[in-house]
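Below you'll find the structure, written out as structure tokens, and then a few comments.
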Amino acid sequence: MLFSYINRSRVPKLNHLNPYAWIDRSLETIRQANWYRSPQVIASLPGTEVVIDDRVLLNFGSNDYLGLAGDERVIRAAMAATQQFGTGTTGSRLTSGHKQLHHDLERAIASLKGTEAALVFSSGYLANLGTIAALVGTRDTILSDRFNHSSLKNGALLSGAKTIEYQHCDLDDLRQQLQLHRADYRRCLIVTDTVFSMDGDICPLPAIVELAIEYGAMLLVDEAHATGIFGKTGAGVVEHYNCGGQPLVVMGTLSKALGSLGGYVAGSCSLIQLLQNRCASWIYTTGLSPADTAAATAAIAIMTTTPQLRHQLWENVAYFKQAIAQQLPDLRLIPSGSPIICIELPDPQTAIAISQRLRQLGIFAPAIRPPTVPTSRIRLSLMATHQPSQLARLVTAIGLTFAETKVS
Ligand code: PMP
């Protein structure tokens, strides 16, 4: 009887339409813009050479800056942990998923970062999403660098805080936004990558810390591409700039220079306790696997006791930049202070064409395009384990490719 009240003439006849038809239309739009992406199989151990489509290529496309993802000692630690504790942790950290391995890794991270405590997440992405949403809410504001990583941007969205993007690394703009908006909100969180993952430049951290203090704002720094690379002990850009004693929320990943998987937040004991009680992306997800956890702990030990790895990486960066300056002075490199070095290109088609040609010449160097970044580029990431001869091959291949495609 109830249904007789519904005016059927007003219900459009939709059941003949395919409700998923929009997916193919969206894919077509993505393809037409040359933005279409798909994963490819890497059929070898991580390293300076990788096998793709049955060919051995020189690898300039990974975040494995110290070459630890394929390091025998790290692999052995992961295998031993798997044998002793199994493949999965079987539950969230607050239920059945917490192991001594997690405790040991969190102590190692806190000690590396010089903080009271640390908390390990199942990925860096989850660490950013959950931490930002735990620190601020709808009565608060976030000031975020325009080029911040997607996980920081989506963490800001999830938090419901009023998010204002300031111009990339622009201290005047950051100050102006603080002046304009700080007083209107309960809490304020400034958020920045320390090394920008798709540009390779470094944020002006000491000045950002000063602004945060002046305006009573919290400051979350993402050290994903800095840990293991910057600072005397490899702790990151915070250490590099001597900002360790400042009231910061430091996050990072275990998946780049540390060659494993997972993310972390390092800071005061009370910050970590708050996250353990308020951070949904830590509370409601399964604890990091024994293999990943033990691999990261082993990688931190190797990284901190082998500073030569870091020195070798910086030597490679200097060698490559010098070779480019001498042999290809017209190449447009995006300003970088890290092992991430990007070649700026006019459009996505050119970026794809250059990446494909480099691949024919035996070089794996991915094209990075919108919407990941505002402008297209080839992103090269150097490793400590690259040999000078491999870097020389890269420079020759870039020279050849750019001469053929007439892009400068
Ligand atoms: N922050 C930055 C700056 C990153 O580049 C990444 C990964 N690309 C993440 C966070 C997310 O880390 P994960 O891969 O551990 O999820």
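In each ligand, atom 1 is the first atom listed, and ligand 1 is the first ligand listed.
- Partners of T131 under the side chain to side chain donor-acceptor pair (under 3.5 Å) rule, at least two apart in sequence or in another chain, do not exist in this structure.
- Using a cut-off of 4.0 Å between Lys/Arg side-chain N and Asp/Glu carboxylate O, R55 and D53 are scored as not salt-bridged.
- Closer than 4.0 angstrom to ligand 1 sit non-hydrogen atoms from S123, G124, Y125, N128, H149, S151, D193, S197, D222, A224, H225, T253, S255, K256, G262.
- Residues that satisfy the side chain to side chain donor-acceptor pair (under 3.5 Å) test with R37, not counting sequence neighbours, are T372.
- In the model, S26 has no side-chain atom that pairs as donor or acceptor with a side-chain atom of T29 under 3.5 Å.
- Taking the ring pair (Phe, Tyr, Trp, His ring centres under 6.0 Å) definition, one finds that W314 meets it with F230, sequence neighbours left out.
- A distance of 6.0 Å or more separates the ring centres of F196 and H225.
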